[in-house]
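Just so you know, these numbers use all the heavy atoms, side chains as well, and skip hydrogens, waters and symmetry mates. Proteins get letters first, then strands, A, B, ... in listed order; numbering begins at 1 in each. Only a predicted model underlies this, so the values are computations on that prediction, with no experimental measurement involved.
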Amino acid sequence: MTTSYKDTLNLPRTDFAMKAGLVEREPQRLQQWESNKLYQQIQESRRGAPRFVLHDGPPFANGDVHIGTALNKILKDFVVKYKTLRGFSAPYIPGWDCHGLPIEFKVSQEMRKEFEAQWTQSRKPLQDSWKDEHDPVLVEEVTKQLKQKEFLSPQNIRARCLENAQHFIDVQRRQFRRLGVLGDWDNPYLTLDKKYEADELRLFADIVEKGFVYRAKKPVYWCIVCRTALAEAEVEYAEHVSQSVFVKFRVVGQPKTFIVIWTTTPWTLPANLAVAYNKDLQYVTAKVGEENFILFRGLLPAVAEKCGWTNYTETPFPTEQFATIEYDHPFCQRRGKAYAADFVTSDTGTGFVHIAPGHGLEDYGLGLKHGLPIYSPVGDRGCFVHTNDLPAEQQLPETLFGKSILEKNGKSEANDAVLALLREKNSLLHQENYSHSYPHCWRSKNPVIFRAMDQWFIKIDHAQFRERALAEIDRVSWIPDWGVNRIKGAVQSRPDWCISRQRAWGVPIPAFLDGEKWILNGEMIRHFADLFEQHGSNFWFEKSASELWSLVKPRDWKGEQAVSKSNDTLDVWIDSGSSSRSVLKQRKELQHDQKTGDEIWQADVYLEGSDQHRGWFQSSLLLSLAGNGAAPFKTVLTHGFIVDADREKISKSKQAQGGYDKPQTAEAYVKKYGADVVRLWVASQDYRNDIVVSEERVNKVGETYRAIRNALRYQLSNLYDFNPAQHTVADDQLTGLDRWILGAFSKLEAEVITAYDQYEFHFVYQKVSQFVAVELSAVYHDAIKDRLYTDPANSRRRRSTQTGLYRLVRGLCAMLSPVLVFTTDEAWEFIPENGGASVHLSTWQPRPFALTEREEQTWRRLFAIRPAALACLEKERQAKSIGKALDAKVILDGSAQVLGELTDEEKESLRELLNVSQLILSRQPEGNELTVEAVKADGQKCERCWHWETDVGAEPEHPLLCGRCVAAVRLAVP
RNA sequence: GGAGGCGUGGUGGAGUGGUUAAACACACCGGACUUAUAAUCCGGCAUAGUCGUGAUGGGCUAUCGAGGGUUCGAAUCCCUCCGCCUCCGCCA
């Protein structure tokens, strides 16, 4: 074609790039948002609007943002942005969980390394005078431990933890922002904030005053060498050889009759208070010589062999009799009973488990159930001691007092002493080495012990609290609905809440010891809340017990004087769980001003992973119910976990083991694909199930992204000369094709809104991507090229289509803006006369666009014809008789029943739909068969519009043009 | 140990009683266009058995983890089994 004709076409123009370049472009836009204070602008623009509060569950301030954490944040951002888009005032206050073991663990690990390095450097040779009297190795060891304890003092650890937490808050904040998540990033809530800690303590004070909190013993892992309680994460399992023993317990009132127990920890026998049996097992009495031994029938042969019973008879022992049986402790002055327990197994031992509630979790549970004392006669140094849990005469014998449990070369004083006692009392049936997996301290590598320690608890069954919590659960909407079972199960089965931790990095429990009894008092706690709000909780660690006591002691205090302070901190679940008080009730921007009662502060939505049913959802519910009198949320949304291409979960620990090559930080994906593609991938996943992340999937989503971007680009590029104020065509003046697409789009809008309202983002993804691929790309965009390019620029038909495109591009940008935050904002700027404001400031209230009954029917007919016609065209193309569809003439033969009575305009719509130059409808009176024929079009190809027309060359001035183009050219070239 | 989820074509993923052998996309193959051009459009594309031969096309049957059941009719409802995965068990 000659250039002059090409210049008369309205070819698309736009600077909206086809290539997204997200990785480079997104950070620029982000910067723009931040310097314009976009988040603040949005909040300002929604002032006075109905409020919608999504309360952020605080991620742990540790490490880079994991892809799973990113998923969570992005889902939250979808909700917040969607609600904002629909006109709500939806503030987002991000939070961080700052205290807790993982940080303290990491920090103390680092500090220990530092200490080791310093120690090695500064070590001095021992003085000669010491060498004579003391074991030099021991002296050095003791000195080292003292120094280390000093180096790792709570104050030092806390300082370093703070530094560490703050560092990672910054890192994560940057990474969250990069994902396009908008929020009040400059004013997040941090569980380490003075104000937060203070409000947390005030909530705690309420709960204490209401009588929920009590002190009791509970077994924890304890490392004798490190003299510290260990969390499960600090325990590693290793093979260990234990001195296992078979011991006989004399049955009361039945001479020469014994229950046989087996244990791998003889040192726990002094704490034995009961035995457990399994009521589903069959027990027998084995008569060996004069003695009778009761044990599980299935293990009798094994036990007999070990104990050297060559000649014995067995008689069944009815399980019911255990209910009344009592036995004498082999070397303590007390008696025990037998209790049924499911955990008694039939594969090792004797069918009886020796129960020491102070030394095992299962034992503890059984002890609680039956009201046994939690007797744990072991001190911090791992030596036997006397305690207050039993009357003096029932305590362990003097010979054991002071004996150490600490093992050296597989032996311990305590075990040896117990074994000696058992032999002395003729109670030891057999002893052997037993190799098994046993928990060890991760640092000292020593076997850990289970030891009951005083802990603070929240009583769950206080004042019918459990029932009230379950009732409250029913008032909350759980999505997906199985979540309600999860949380109910968690609340139903949970034991009392152990809220104290023997840890430094946390909120101190402001309790005092008066020498014997603990003082935990609501008024004093509130006093400390005020002090901490001013000075921070380091105050507790810096001041002495007497200083603190004198500060908060009520004037009218009549009780004992405190002599020491608690060293425990609150379980971090109390930290994050009290956010209802510290955040929801505090932040002005989170109040539902138009509501009353609890609804003023209650959050509309919590949205976390399914593990939080037992975690944050539960701790928040329980604390808010106990302290505020209501659940903190109205709806709880849950998502599954990220798994990799092999459907295995992606975990941090896995990477720590090394050799894990699948990227699992959010940053890795953002750097490769850009945040919008990552966000689109999140939207594409049905988060209620496991979410699969892999290069392949993200890539695929990238294809969809390109399709959407291209559709937007096509629309923008054809709006370059469109001014909505001047050129918009009224609904009833729009051409059929434009009315059709707007009708279809209106349906899409309704579906998308439903999907968003139900938090089903993957339907948004599916519906939109399908619409883009089918209705837009394959049909509408293809069909309208001709009129857009070749009609006179200001013709009604072209303006009609531009009106359609304008509405489409605005609607698409709006509906996608919660997902494609960067791309839609970019495209928004290119929409004519859009005022330069961000898409994120706009609202989306789609106006329904309904087609008439007749239109609906006609388009159904036209689309029924299309596949047959396209097939026909394809056949001709294969036969090389035509190239593109415009080279063809299509002849349709069918009854009126099939084709309907088409108006000229409808017929023209069909021609456009098929993209052919000519369409002939020849009606047969009878039959409902539709026949389609495609032939080479009549006339000649117009140089300008490529249509084949019979009037090409009719105008001598433009011998290569059709009549329509001649008219257009005359208009275009003045 | 407890709780929950999943199993559809080469892949992702729609589909919960018939209009679905199965939307849409990706991958792959073939074609068109050069006026969305690092784009766009069109077509093809499951496996097995079987019939048959007017032959590079057609008919029938089975198959949506396996088996059984309900129903006129099932990927879709019920049961059993197999396989996979996740969460929880005081780590957050």
**Q** Treat a base pair as Watson-Crick or G-U wobble with both distances under 3.5 Å, then lay out RNA chain B in dot-bracket form, 5' to 3', with | for cross-strand pairs.
**A** ((((((((.[[[..)..(.....]]].(((((.......))))).((((((......)))))).[[[[[..)....]]]]])))))))....
**Q** Determine: side-chain N/O of A:Arg713 to OP1/OP2 of B:U37, distance under 4.0 Å, yes or no.
**A**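 So the side chain of A:Arg713 is within the cut-off, an N or O lying under 4.0 Å from OP1 or OP2 of B:U37.
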**Q** With rounding to the closest Å, how many angstrom separate the P atoms on B:U19 and B:U37?
**A**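 Straight-line distance between the two P atoms is 42 Å.
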**Q** Could you check whether A:Lys767 gets within reach of a base, just the sugar-phosphate, or nothing at all, counting any heavy atom under 4.0 Å?
**A** nothing
**Q** Closest approach to the side chain of A:Ala773, judged atom by atom: which nucleotide of B:A25, B:A36, B:G4 is it?
**A** B:A25
**Q** P atom, B:G17 versus B:A32: distance in rounded Å?
**A**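 Nearest-Å result for B:G17 against B:A32 at atom P: 45 Å.
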**Q** Answer yes or no: does atom NZ of A:Lys936 have more than 12 heavy-atom neighbours from other residues, nucleotides or ligands under 6.0 Å?
**A** yes
**Q** Atom NZ of A:Lys941 and atom P of B:U35: how far apart are they, to the nearest Å?
**A** 9 Å
**Q** Within less than 4.0 Å of OP1 or OP2 of B:G43, is there a side-chain N or O belonging to A:Lys875?
**A**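 Answer is no, no contact under 4.0 Å.
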**Q** Which atom pairs link the protein and nucleotides 7-11 of chain B when you take only N or O atoms and keep those under 3.5 Å?
**A**
unit_1	atom_1	unit_2	atom_2	d
B:U11	O2'	A:Glu696	OE2	3.1
B:U11	O2'	A:Lys700	NZ	3.4
B:U11	O2	A:Lys700	NZ	2.8

**Q** Take the protein atom CG of A:Leu9 and the nucleotide atom P of B:U34, then report the distance between them rounded to whole Å.
**A**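 Rounding to the nearest Å, CG of A:Leu9 and P of B:U34 are 13 Å apart.
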**Q** Checking only heavy atoms, does the side chain of A:Lys884 share a donor-acceptor pair with the base of B:A32 at less than 3.5 Å?
**A**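 Between B:A32 and A:Lys884, which were checked side chain against base, a qualifying N/O pair under 3.5 Å is absent.
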**Q** For the pair made of CG in A:Asp7 and P in B:U35, what is the distance, rounded to whole Å?
**A**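 In whole Å, B:U35 P and A:Asp7 CG are 13 Å from each other.
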**Q** Just verifying a value: how many Å separate A:Tyr5 OH and A:Thr790 OG1, rounded to the nearest 0.5 Å?
**A**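 Here the interatomic distance stands at 14.5 Å.
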**Q** Taking B:U40 as the reference, what is the distance to B:U50 when you measure between their P atoms (whole Å, please)?
**A** 44 Å
